[in-house]
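First the structure, in the form of structure tokens, and then the observations on it.
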Amino acid sequence: MSHSHLRSEQVSIRLGEGEQAFDAVLGLDFSIEPGQFVCILGPSGCGKSTLLGALAGHLAPSQGVLYLDGEPIVGPSPQRGMVFQHHTLLPWRRVLDNVAFGLKMQGLGRAERQAQAREMLDWVGLAEFARHWPRQLSGGMQQRAEIARVLVNRPRVLLMDEPFGALDALTRARMQQLLLGIWARVRTTVVFVTHDIDEALLLGDRVLVMSTRPGRLIADLPVPLMRSERQPGLEHPALAALKRQCLALLHPEHRPLPRLTPLGLPPDFTPSKIAL
Amino acid sequence: MASVRTYRWALRGLSLLLCLGLWQLLAQQHADLGLVTFRNVPPPGEVLQALLALFGSGAWARHLVASLERVAAGYLLAALVGITLGVAIGRSRWAADTLLPPLEVLRPIPAVAWIPLAILMFPSSELSMVFITFTGALFPILLNTVHGVEAVDPRLVASAKGLGAGRWALLREVVVPGAMPSVVTGLAIGMGTSWFCLVTAEMISGQWGIGYFTWEAYTLQNYPDIIVGMLLIGVLGLASSWLVKRLGAWAMPWYRPGGRP
């Protein structure tokens, strides 16, 4: 894990086809140190999820290259674990088997993978829910299971697409603390996409701010203070100043854009191959 | 609560009894309603006697087994072919382009319309009846499988790939289970159509079987037996659909129809 180093060289990503095609993100240049917790902040539809999808390998850049430890990123890999905004647990697998899924794909035996999955569930506080079906869990618990499922693969990078965006405020605050607790243990690199300034400033070592579409990097802000000194109200003068800076960068008067997803354009109506 | 339930069951029972009574009345009076006549319709009592006679004679087992074997053969083959082709078509554009055109041409032809050609094509009437049953069940199963596979959440597929799932693991762990509710619906509909097709085929070219029994009763003017045959066909269809639904529920303990995923 010591060589983890994530780099983006002049990356642009085009979405859509023909006349509808547009640049979701344009000319992104950045690099992330191993073990860093980086938040990507930007308005809705700015392409931050698109960038995350490319880091995960679900989308290919139209220009430029993304590197992880010197290797170009091509296709999805368990090395780059992705947590979606809405959980993607398999409804037909119990929580334990969902968490053990990555290990099963590696070919580990049942006993071994279940033991490791149990440990992960313990980390995220879901040990008692191993035998439940995903639909029996609350939204927050589903995201905990989703995080455990990604971490069981010991990824070099943890990619998170507004993972707590759909949760209520109280659950979100609890999940943020849980995530920081886990990160303190695994120290993997985290790329955390959010449109919530407070969330970015509470969690990140560093905040990359993106402009509205086409998404470009417009600021790279190190966050001062230890996490233990950051309070949810962001009352510390240094954080309050940083928040004002972010607010000014995000231009709330921009017209709202439809949300993009890490898999490209939002799912549209695709006609079936067979008409009834 | 209990009294409401008793009342509702009583009402349902009463409704059935009323229908039986009406049948008895119309058949007894040989009622002629102009458009439809009950002159040759046997009353419920005679049908019951015919049913008991059939069970007493032992021939019923042979009729039943003959029909069940044909349905089992045709239906299971249709399930195998329908699900396999459906998954291939739903997952791969190449499979869709090569397999769909001929299937689309055949699809609008009702299975029953195949009967004359099937008799010419197959060496035995047995095989032709199995073929008709197969054709009847194939398309509901195939179509529902294709739709089920297409409806699998692409996020689940992407996420499984990200966790290291290869091509086959993706099919086994994500695509097939995801399509399963739709496949089971197709299997249930296919069960109904395969019975329908079998009975029709048996009426035309059978030696044994419930459809043959029913049609023979008409030609030999054993009118009570016609209704016995109809009732048996209904019971068999009901029982086999129930079996498919039970197997579906057993295979998908995670699934709650209408519930959120």
Side-chain angles (χ1 to χ4, degrees), chain A residues 53 55-59 75-95 97-108 132-136 139 142 146 149-153 155 159 161 261-268 270-276, chain B residues 85-86 88-93 95-97 99-101 103-104 107-108 139-140 142-170 172-182 186 251-256 259-261:
Chain A
L55 288 170
H58 297 310
L59 297 169
S77 152
Q79 297 289 335
R80 292 169 266 116
M82 172 92 162
V83 173
F84 289 79
Q85 180 175 19
H86 296 282
H87 80 92
T88 57
L89 300 170
L90 300 173
W92 42 88
R93 291 268 178 239
R94 292 176 194 275
V95 171
D97 293 321
N98 259 295
V99 174
F101 185 82
L103 302 173
K104 188 179 184 183
M105 294 303 106
Q106 287 172 30
L108 254 69
H132 282 56
W133 298 108
R135 68 177 155 77
Q136 295 172 308
Q142 288 167 339
E146 176 106 347
R149 183 170 71 156
V150 163
L151 286 178
V152 86
N153 282 329
L159 306 166
D161 181 30
T261 79
L263 304 182
L265 292 170
D268 206 2
T270 38
S272 169
K273 287 166 185 151
I274 292 187
L276 277 178
Chain B
L85 291 186
I89 290 169
R91 277 303 282 172
S92 137
R93 189 180 302 173
D97 286 340
L99 295 173
L100 266 186
L103 287 170
E104 288 284 7
R107 183 157 72 101
F139 286 102
L142 177 77
L143 260 61
N144 278 281
T145 305
V146 172
H147 281 292
V149 169
E150 284 177 336
V152 171
D153 187 348
R155 295 176 332 114
L156 291 188
V157 174
S159 164
K161 277 186 194 163
L163 293 165
R167 200 178 158 79
W168 289 108
L170 215 54
R172 197 180 60 238
E173 300 281 343
V174 184
V175 175
V176 170
M180 195 62 91
S182 186
M252 302 185 293
W254 51 274
Y255 182 66
R256 294 286 174 280
R260 79 193 163 105

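Quick caveat: nothing in here was measured; it's all calculated off a predicted structure. Quick note on labels: first sequence line is chain A, next is B, and so on, each numbered from 1.
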For residues [X] and [Y], report the shortest heavy-atom separation together with the two atoms involved.
X	Y	result
B:L163	A:V150	CD2-CA, 4.3 Å
B:L156	A:W92	CD1-CH2, 3.8 Å
B:S159	A:R149	OG-NH2, 2.9 Å
A:P91	B:W254	O-CB, 3.2 Å

_Side chain / backbone / both / neither for B:A151 at chain A, heavy atoms under 4.5 Å_ =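 Neither part, no heavy atoms under 4.5 Å.
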
*asked:* Applying side chain to side chain donor-acceptor pair (under 3.5 Å), can you list everything that pairs with B:D153, at least two apart in sequence or on another chain?
replied: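 If we apply the side chain to side chain donor-acceptor pair (under 3.5 Å) test to B:D153, skipping adjacent residues, the hits are B:R155.
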
*What part of A:L89 gets closer than 4.5 Å to chain B, counting heavy atoms only: side chain, backbone, both or neither?*
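Just its backbone gets close to chain B.
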
*asked:* Taking side chain as everything from C-beta outward and backbone as N, CA, C, O, which of these in A:W133 sits under 4.5 Å from a heavy atom of chain B? Side chain, backbone, both or neither.
replied: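 The answer is the side chain of A:W133.
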
Residue, of [options], that accumulates the most heavy atom pairs under 4.5 Å with chain B:
options	answer
A:R94, A:M82, A:K104	A:K104
A:P78, A:P76, A:G81	A:P78
A:R93, A:R80, A:Q106	A:R93

_When B:A96, B:A169, B:G178 are compared by non-hydrogen pairs under 4.5 Å with chain A, the top option_ =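 Ranked by heavy-atom pairs under 4.5 Å with chain A, first place is B:G178.
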
*Considering only heavy atoms and a distance below 4.5 Å, find which of B:M180, B:R93, B:E173, B:M252 pairs most often with chain A.*
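Of B:M180, B:R93, B:E173, B:M252, B:E173 has the most heavy-atom pairs under 4.5 Å with chain A.
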
*Excluding sequence neighbours, so at least two apart, what forms ring-ring contact (aromatic ring centres under 6.0 Å, His included) with A:H132?*
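If we apply the ring-ring contact (aromatic ring centres under 6.0 Å, His included) test to A:H132, skipping adjacent residues, the hits are A:F129.
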
